[in-house]
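Accompanying notes for the structure given below.
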Amino acid sequence: MPIHLPSDPCCTSLHTILAESLNFLLSFNKKGLEFQFFSENKCTEAFRRGYKMIRSIYNLMFSKFKTLKSTLTKTADGEIIQLFPKKYKESVQIDKDVTLVGDPSGQTVVEGMLIIPRNVRVIFRQITLSPNAQLYIEGEAIFERCIIKGNTDVLITVNGGYIKAVESEFKKAGEVGIALLNNSNGIFKGCKFRFNGDTHLFIKQSKAYLESCEGSNALKSLWITDGSFVQTKKCHFHHHIDTQILAEGATYIDDGSTIESGDGLGIAAKADSEVTLHSTILYSNASVQLFIENSRVSGKYCTIQNGKECGVMLHESEGFFAHCEISNHQSTNVQAKKKSIAHFERCEIHSGHENGIFIGKDSIVNCSETIIKNHLSFQVVVSEKSICSMKDCFIVSGRHVGILVEKKSECMLVECYVLQNNNSAFNVDRAILKLYRCEVSDNNGNGILAINHSHVEVDGCNFHHNQMPHIASKTKVKIYICNTDFHRGKSIFLIQRCKMHAVNSRFHDSMNVQIEITEHSTAKFEHCQIYNGKSYGVKVLKNSNFFFYHSQIFKHDLAQIVVNDSSVILNNSEIYQGKRNALFIQNHSEVYIQESFISKHAQTQIWIDNDSTLELLSVQLTDGEHSDLHAQNQSRIYVENSMIRNEKCRYNVQALNHSKIEIVKTIVENKYGDVYYSENNSSINNSDY
């Protein structure tokens, strides 16, 4: 007997709703659900509300006993369906918006294939899905605290649809956990991806966002391709066999994630991809931790550490890194090759088992306010027609050479410090090195070792306490020095046809020879000072050339200038206060001195020997402790418009063993009166007498 509703069409009382519910219960039979309502006004608002409530009560009370398919058939659009804690072995196409809720105990399992067509939205809550064929989504699917696992190659395929997963788990797919295809969108928060055979997430021409997710134990975690866009935040990807995150022709952005302990690459970008990293950690991956090929990468506040191979590798790519730490790799910390471009700003690159930065094959790297230190091999290598520029950088405490520049490459440093390397600060081989306002000190080798047609330019720098010559060059090297200070170490060593030009610079306080020029080399000094050496000031040997203009040499413990089988030109310069000779000239050498001042030497001021030649024009030789000019063994001296005055030696001009001295318009005097001494077929000719 049906229960009739009151006749009042506006009635919304509890007994009205209860009456409708009782009508529902009386009309239920074994064949299904039939509704028989008798009311005085079936169109009343109360009737419609009651009808909807009864349907909801039915779904909550009885649908758990039905099959999933029949339940969906009899469920209205937008309904919530509470499923029984059992297995539903069915394949279903869901054609309406519904919410499927599993039992809180986790016993609700759906086995089969589910299809969600376009314009349909389905919410799965607390359900375990074990598809024997992939879940296919063209509409919208939301997974809340669900488990989707195994029994198929692909767990979920989203084709032009939308998927959202919260605190869910995707695992044990034969190949792919989730495939997002053809402009699909995916959002994953607090999810876990584990033990999927090939890839947890395959994203093609689609977009995905992952936050606080974890991916592990597959070949790859994320495979992003064909113009896709993926963003991750505070995720954890680890223990993958191949590349953990792979982008091919796609965009990948990360904020604060950790990618670690993989057996292959950490992050790889190829085929015109874009990678942006912020506070990302790449740690202990077996292959290159960040590999960028024909793509672009930007990293800020990232940490890349303890890789089994290289930390960062760029091939035909562009990279920008700021406030990053790249360290402790078994191979090179950073490689830029094949026409790559990279910029490092306020980074720290340290403790690699090989190089700090390797730049090769027409690449360009710029470093600003960056520290490069503690590498077992060269800290920086610039090779194969590459370019490196550094500003405000520290290259310190290397176990080998600081910076190697080779094979027609170029390196420029501005306001940098290259300190405490166990070998030379710089090695330059067939390359160009330019230093501006830098400090190069406390290295166990040379400051700069340049060989084989290299070019070196030094301006406003400070070289000191290097164990070997501050600048050493061999074989046709060209060096230009300006406004630079060299001290506490041998300053310059040129060998085998090298050329050097120094302007407004100082060379002082060396325990060894301060300047040594040998084997057909040439050095020119203008407005320079060479002083306070514990050995020789300048040695010019083996057919070399030394030009000294508007400069000073003083206070050396041994001869201030030694010339052996070479030539020297001094003009407008001063040589004074030496503990031995001003010039010691021997073995077929030629020396020309004009408008210069030579004084206060403890031994003969100019000693010339063994078939050598000396010419003095407008020169003052004064205050010597010994004789001023001494020529022997077939040597020759010509003096004009000069002054030779000595208060401490009787014979201040001497010629011995077939030597000749010619004096023109020159004052020669001492307080003893006898100024000339010659013997053994030698002659001194003063044309004024």
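By the 30° and 60° cut-offs, the orientation of the rings of F394 relative to Y417 is parallel.
Counted within 6.0 Å of OH on Y301, heavy atoms from surrounding residues, nucleotides or ligands total 12 or fewer; the atom is thus considered open. Heavy atoms of other residues, nucleotides or ligands lying less than 6.0 angstrom from NE2 of H626 number 12 at most. Residue-environment remark: CE (M412) stays at or below the threshold of 12 foreign heavy atoms within 6.0 Å.
At least one side-chain heavy atom of N462 sits under 4.5 Å from a side-chain heavy atom of H487. For the pair F344 and I349, the minimum side-chain heavy-atom distance is below 4.5 Å. Using a 4.5 Å heavy-atom cutoff, the side chains of L656 and N633 are not in contact.
Using modelled atom types, one finds a donor on one side chain and an acceptor on the other under 3.5 Å when comparing N686 with Y676. Side-chain contact check for Q379 and N421: at least one donor-acceptor pair (N or O, by modelled atom type) lies under 3.5 Å. With 3.5 Å as the limit, one finds a donor-acceptor pair spanning the side chains of N652 and N670. At a cut-off of 3.5 Å, with distance as the only test, a side-chain donor of H329 or Q289 sits close to an acceptor on the other residue. Judged purely by distance below 3.5 Å, without hydrogens or angles, the side chains of D609 and Q632 pair a donor atom with an acceptor atom. T613 and R636 form a side-chain donor-acceptor contact under 3.5 Å, judged by distance and modelled atom types alone. Between the side chains of Q330 and H353, a donor-acceptor pair is found at a separation under 3.5 Å. Between the side chains of E679 and Y677, at least one donor N or O lies within less than 3.5 Å of an accepting N or O. In this model, no donor atom of one side chain and acceptor atom of the other lie less than 3.5 Å apart for E647 and Y672. Side-chain contact annotation: S389 with N366, donor-acceptor N/O pair under 3.5 Å present. Under 3.5 Å, the side chains of Q654 and H630 contain a donor-acceptor pair of N or O atoms. Checked by atom type, the side-chain pair H375/N333 shows a donor-acceptor distance below 3.5 Å. Between the side chains of H455 and E410, no donor-acceptor pair of N or O atoms lies under 3.5 Å. Checking Q586 against N610 by side-chain atom types alone, no donor-acceptor pair falls below 3.5 Å. For the residue pair E354 / S377, no side-chain donor-acceptor distance below 3.5 Å is found, with atom types taken as modelled. Residues D485 and H508 bring a donor and an acceptor atom of their side chains to less than 3.5 Å of each other. A donor-acceptor contact closer than 3.5 angstrom is absent between the side chains of N504 and H527. Between the side chains of S368 and E345, no donor N or O sits under 3.5 Å from an acceptor N or O.
Note that OG1 of T332 is 9.0 Å distant from NZ of K337, once rounded to the nearest 0.5 Å. Between atom CZ of residue R296 and atom OG of residue S340 there is a gap of 11.5 Å, rounded to the nearest 0.5 Å.
Side-chain N or O atoms of S596 include none that pairs as donor or acceptor with a backbone N or O of E574 at under 3.5 Å. Looking at S510, its side chain does come within 3.5 Å of a backbone N or O of N512 through a donor-acceptor pair.
When the salt bridge (charged side-chain N to carboxylate O under 4.0 Å, His left out) test is applied to K539, no partner is found at least two apart in sequence or on another chain. Applying the side chain to side chain donor-acceptor pair (under 3.5 Å) test to Q620 and every residue at least two apart in sequence or in another chain returns nothing. The salt bridge (charged side-chain N to carboxylate O under 4.0 Å, His left out) check on K579 picks up D557, with sequence neighbours excluded. Applying the side chain to side chain donor-acceptor pair (under 3.5 Å) criterion to S627, with sequence neighbours excluded, gives T604. Taking the side chain to side chain donor-acceptor pair (under 3.5 Å) definition, one finds that N581 meets it with nothing, sequence neighbours left out.
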Candidate pair F525 and F507, rule ring pair (Phe, Tyr, Trp, His ring centres under 6.0 Å), full reasoning: CA-CA 11 Å; F525 292 78; F507 309 84; 5.4 Å; yes
Side chain to side chain donor-acceptor pair (under 3.5 Å) between S618 and N641, intermediate numbers included: CA-CA 5 Å; S618 303; N641 289 326; 4.8 Å; no
V540 vs N564, side-chain contact (heavy atoms from CB on, under 4.5 Å): CA-CA, chis, key distance, verdict: CA-CA 6 Å; V540 190; N564 190 323; over 6 Å; no
Audit row: R497, E519, salt bridge (Lys or Arg N to Asp or Glu O under 4.0 Å) steps and yes/no: CA-CA 6 Å; R497 302 183 185 277; E519 296 187 20; over 6 Å; no
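Shortest non-hydrogen contact noted between L413 and C411 is CD1-SG, 3.3 Å. Residue I372 comes nearest to M390 through the heavy atom pair CD1-CE, 3.9 Å, listed as atom of the first residue, atom of the second, then distance. Minimum interatomic distance between A631 and I637 (heavy atoms only, all atoms of both residues): CB-CD1, 3.7 Å.
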Pairs of donor and acceptor atoms involving the side chains of residues 305-319, under 3.5 Å and at least two apart or interchain, shall be tabulated with distances.
{"unit_1": "Q305", "atom_1": "NE2", "unit_2": "E325", "atom_2": "OE2", "d": "3.0"}
{"unit_1": "Q305", "atom_1": "NE2", "unit_2": "S327", "atom_2": "OG", "d": "3.4"}
{"unit_1": "K308", "atom_1": "NZ", "unit_2": "S284", "atom_2": "OG", "d": "3.2"}
{"unit_1": "S317", "atom_1": "OG", "unit_2": "I292", "atom_2": "O", "d": "3.0"}
{"unit_1": "S317", "atom_1": "OG", "unit_2": "E293", "atom_2": "N", "d": "3.4"}
{"unit_1": "S317", "atom_1": "OG", "unit_2": "N294", "atom_2": "N", "d": "2.8"}
{"unit_1": "S317", "atom_1": "OG", "unit_2": "S295", "atom_2": "N", "d": "3.1"}
{"unit_1": "S317", "atom_1": "OG", "unit_2": "S295", "atom_2": "O", "d": "3.4"}
{"unit_1": "S317", "atom_1": "OG", "unit_2": "H315", "atom_2": "O", "d": "2.7"}

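Between H601 and the choices R580, Q560, H556, the side chain to side chain donor-acceptor pair (under 3.5 Å) rule is met once, by Q560.
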